[in-house]
Amino acid sequence: MSQAPSATGWVGWAYFASIMLIIGAAIDIFYGIMAIVGPNTAYFVSGGTVASFNVAAWGWWSLIVGVLLLLAGIFLMRGAMWARVFAVIIAAVNAVSQLMSLPAQPWWSIVMVAIDVLVIYAVTVHGRELRS
């Protein structure tokens, strides 16, 4: 009979990933609501010109990704295998989404992509230690 791995001090990485997903979700949801409510007030500037995409549509995308990040963060704390897989997938989707806004917000995008990479690392390497 195979014994489940015991939790070590590294389990904190998995909890870190969960908290970072929830924080990222709050930020994405906030930006999404701002872009939906006031698309004419949200300007995404790249090289002195306004980016050519629909700000309200980007807001809906950001809101949807934010809600999915929130769900991933909450269920990741429970440690279920499906939640770990979902967290990795949605963190990757969020990283790609942030890369799309790189010309408009370079520093913010780089920070968010780095955090998403850390989340993916934490979940894939240390997520097994979470108990379901």
For I110, side-chain contact (heavy atoms from CB on, under 4.5 Å) partners two or more places apart: L102
Heavy-atom pair with the smallest gap, counting every atom of G66 and A25: O-CB, 3.1 Å
What closest approach, in Å, do A35 and G59 show between heavy atoms, and which atom pair accounts for it? CB-CA, 3.5 Å
Using atom types as modelled and distance alone, determine if a side-chain donor or acceptor of S109 lies under 3.5 Å from a backbone N or O of Q98. yes
Between CG on residue D28 and CD1 on residue I33, distance to nearest 0.5 Å: 11.0 Å
What about V117 and L76, same hydrophobic cluster or not, with Ile/Leu/Val/Met/Phe/Trp/Tyr joined at side-chain heavy-atom distances under 4.5 Å? no
Using the six-membered ring wherever Trp is involved, compare the ring planes of F86 and W82 and label them parallel, tilted or perpendicular (cut-offs 30° and 60°). tilted
Is the Y31 ring parallel, tilted or perpendicular to the W108 ring (thresholds 30°, 60°)? perpendicular
Sub-4.5 Å side-chain heavy-atom contact between L69 and I22: no
Tell me every residue that passes side-chain contact (heavy atoms from CB on, under 4.5 Å) with I64, counting only those two or more places apart in sequence or in another chain. L68
Are L99 and L21 linked, directly or through intermediate hydrophobic residues, by side-chain heavy-atom contacts shorter than 4.5 Å (ILVMFWY only)? no
If you group Ile, Leu, Val, Met, Phe, Trp and Tyr by side-chain heavy-atom gaps below 4.5 Å, do I19 and V111 land in one group? yes
Just how far is it from atom CD1 of I90 to atom OG of S97, taken to the nearest 0.5 Å? 8.0 Å
Contact summary for M20 and V119, nearest pair of heavy atoms: CB-CG2, 3.9 Å
Would you kindly confirm whether I115 and I23 end up in one hydrophobic cluster when ILVMFWY residues are joined by side chain heavy atoms under 4.5 Å apart? yes
With sequence neighbours excluded, what pairs up with W60 under the side-chain contact (heavy atoms from CB on, under 4.5 Å) test? I36, L63
Given side chains that start at C-beta, do those of V65 and W61 come closer than 4.5 Å, heavy atoms only? yes
Check the hydrophobic clustering (I, L, V, M, F, W, Y; side-chain heavy atoms under 4.5 Å; chains of links allowed) and say if V96 and V113 are grouped together. no
Nearest heavy-atom contact between A17 and V123 is CB-CG2, 3.7 Å
How close do A122 and A14 get, counting heavy atoms only, and between which atoms? CB-N, 4.4 Å
Can you tell me how far CD1 of I120 sits from CD1 of I89, rounded to the nearest 0.5 angstrom? 10.0 Å
